[in-house]
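As structure tokens, the structure follows; a few thoughts come after it.
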There are 2 protein chains.
Amino acid sequence: MKKNTGPKKMDDIARLAGVSKPTVSRALQDSPLVSDETKQRILDIAKRHGYVVNRSAQNLRRRRTDTIAVVIDFPHLPENRLSDPFHFELLANIANALAVRQQDVLLCSERSAHQGGFEHMLANKGVDGIILLGQAGRHEEFRALAKAGVPFVVWGAHRADASYCILGSDNPLGGRLVAQRFRSLKRKRAMFLGPRGHLEIEQRHRGFAEAWGTAVEELEVPDLSFAASRNAMLKRLDSGKAAPDAVFAGSDTMAMGALSALRERGIVVPEACSVCGYDDSPSAVHHAPALTTVRQDTRLAGAILVERLMQIIQGTPAAPVLLPTDLVVRGT
Amino acid sequence: MKKNTGPKKMDDIARLAGVSKPTVSRALQDSPLVSDETKQRILDIAKRHGYVVNRSAQNLRRRRTDTIAVVIDFPHLPENRLSDPFHFELLANIANALAVRQQDVLLCSERSAHQGGFEHMLANKGVDGIILLGQAGRHEEFRALAKAGVPFVVWGAHRADASYCILGSDNPLGGRLVAQRFRSLKRKRAMFLGPRGHLEIEQRHRGFAEAWGTAVEELEVPDLSFAASRNAMLKRLDSGKAAPDAVFAGSDTMAMGALSALRERGIVVPEACSVCGYDDSPSAVHHAPALTTVRQDTRLAGAILVERLMQIIQGTPAAPVLLPTDLVVRGT
DNA sequence: GCTTTTTTTGAAATCGATTGCAAAGACTGC
DNA sequence: GCAGTCTTTGCAATCGATTTCAAAAAAAGC
């Protein structure tokens, strides 16, 4: 009569190796407290029997999970704030950077994360820290979070008064670079395209408008989608007013929407109108013509977000970081 | 002298409510064993004190984590990480379907998942089940996994002899649909473009070739990327051989690569050459001209993958599923 | 009013690891 | 040969919940 308790537990391995449970635990952690000989024997036995430590038990005892929550809005959820390939690019890079540090990634939708409030996510989701993609103006909430001692970092618009670690590209600079380029192309009727109330995009707008000097037409769109942007542009082009000869869109996806509308109305890009996006998402290169855009280095962003978060988890506060951007001139 | 043990534990709430720990636990689970009055009081106190159950402790005791691992890296296709928009689409839909069922998502790279082998992931990563995106010919490994009783489902190419639950679109049908369309357009020189050794793509190829009847030129590319596909096509067009007048690419990203090469060599699409992709990823619509492609319904796929996995976790075996596909005719 | 049943509650065991502390064994030095 | 170190090992407590089982309280039955 064998009692088959399913997967092996640490006690089983201990018995098989003729040692006690603590010794097995130490051997698996490569602790110097165990003699090399014993260690090797235990490791062998563990491997042979396919033993792995139970993560749930380990998490409980160590009060640490080596898991980080990444909170992101999914495109098809009702309020699609961040429906962009850019965010997935960023996610992939974050996941990579975390993997290097042996951390697991818990992917949370904005809604599920917010269920019990961010402040309870550590206990509630069993994670050691949080990476928030996109802040959408919840500055105050984040301030409180930081004060409560929750380890988190945010990807979003830089702001001088942030008491937490926020990482973002230099949006005003990006806007200025685009203005400069349009000026050097001798463009006259500049337009900015994007939704209102989105902090990062408003910073891009402001940087652009200030560097441009004279009036910038603002074309508002309801959200960040291709379709919304295309529709808004179509409507604008059909309004009878003189068409713009330089369009700066708040993201690549919106730029592509605008391009679609321009093409449809027979406005030739880049001859009759220059178009510039933001993000340098992969699709910008694939697009025909390839999109001129402001680059955000997602690889670097992912690496720094993770590095800072780890630092914060270890107790060292981390200051906001502003990432440089540059203009990638392509076919539009 | 207050002893500040950080976040509240269940015992604290019990004390505050003047009941015992088990009662609090039951109240939080809305168990019928607790009187409504007591339940309400406990819930109030818990909320007021911002109490949430500790997930690690809960996981350990319940021997269940309500967390599903999604493994998303393809082993021998380095370019194909999260970078293909299709996978990211699928991931988002899976995440969404899991959220509806109150399950969390642990995002695992192929490598980290494979660290200790899939068979140990449940204990090792602390998940209840696994969703594998892309199977890339590890049929035997999966067979063993299934035999070992690990709950998992796979997104990939259908095969008749699968002893595990595999879900995929009807790739041969997709290929046939494309062949039909090319035939109705009176095309003569058909080409298939894609890497070898990728099961799903080979099925598309086969369906296409069989339905086409006469010889199909095969253009091999090293991976699924835009660049690889563009390069391969450029090289082919420069070879001096007659250019194809109908190209079926194994994915949208590759189709866009091919389109880029065709455009560059002055071959007008769709007049001189028809192009068809596979996936119907969002970028297919955004592309100019909009891509004709075979649709894979990621929303449905995500929903079914999750539904089946839940079923398997509950002990009911689930058979493979073949999803229907259809051709979406657009501008190419 | 007193048993019987039903509804609520709590004591204690348990999930599977990690770790502080004490003890046993192996080495040193003199 | 024996006190004093240093290295290894194991006992027992602990992490924070859930669940079984028995007991107490309340309601019902007659």
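None of the values given here were measured: they were computed from a predicted structure. Just so we're on the same page: letters track the sequence lines, and every chain starts at 1. Only this structure's heavy atoms are used, side chains among them; waters, hydrogens and symmetry mates stay out.
- A:R64 has its CZ atom 21 Å from the P atom of C:dG16, to the nearest Å.
- Proximity of A:Q58 to the phosphate of C:dG16: no side-chain N or O atom is located under 4.0 Å from OP1 or OP2.
- Rounded to an integer number of Å, the gap from A:D11 CG to D:dA12 P is 14 Å.
- Using the six-membered ring where Trp is involved, B:F88 and A:F88 have ring planes that are tilted, between 30° and 60° apart.
- What separates CG of B:L60 from C1' of D:dC15 is a distance of 9 Å, to the nearest Å.
- Rounded to a whole Å, the NZ atom of B:K9 is 11 Å from the P atom of D:dT14.
- Protein atom NZ of B:K8 is 18 Å distant from nucleotide atom C1' of D:dC15, rounded to whole Å.
- Side-chain contact of B:H49 with B:D12: a donor-acceptor pair under 3.5 Å is absent, judged by distance alone.
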Could I get a table of every N or O pair under 3.5 Å where one atom is in the protein and the other is in nucleotides 19-25 of chain D?
residue	atom	partner	partner atom	Å
D:dT19	O4'	B:R61	NH2	3.3
D:dT20	O4	B:R26	NH2	2.9

Close N/O contacts between protein and nucleotides 22-26 of chain C (under 3.5 Å):
none

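- If you measure from atom CZ of B:R55 to atom C1' of D:dA17, you get 13 Å, rounded to the nearest angstrom.
- Of the residues B:L322, B:V154, B:V153, the one that meets the side chain to side chain contact (heavy atoms under 4.5 Å, CB included) test with B:I166 is B:V154.
- For A:V53, the side-chain atoms get nearest to C:dA17 when compared with the rest of D:dT9, C:dA17, D:dG16.
- Closest approach of B:L28 to B:A46, counting heavy atoms only: CD2-CB, 4.3 Å.
- Rounded to an integer number of Å, the gap from B:N59 CG to D:dT18 P is 10 Å.
- With 3.5 Å as the limit, one finds no donor-acceptor pair spanning the side chains of B:Q311 and B:T316.
- Between A:F142 and A:Y164, the two ring planes are perpendicular [angle over 60°; tilted spans 30° to 60°].
- We find that A:R41 and A:D44 are not joined by a salt bridge, their nearest charged nitrogen and carboxylate oxygen being 4.0 Å or further apart.
- Closest approach of B:A318 to B:R308, counting heavy atoms only: CB-CD, 3.8 Å.
- In this structure, CG of A:L122 is placed 16 Å from C1' of D:dG16, rounded to the nearest angstrom.
- OP1 or OP2 of C:dT9 lies within a sub-4.0 Å distance of a side-chain N or O belonging to B:T38.
- When all heavy atoms of B:R64 and B:D128 are compared, the closest pair comes out as CG-OD2, 3.3 Å.
- Relative to the side chain of A:M10, the nucleotides C:dG16, D:dG10, C:dT18 differ in distance, and C:dT18 lies closest.
- Dashed line: the shortest gap from a side-chain N or O of A:R63 to OP1 or OP2 of D:dG16 is under 4.0 Å.
- Taking for each of A:Y51 and B:G18 the nucleotide of DNA chain C with the nearest heavy atom, the 5'-most of the two is the partner of B:G18.
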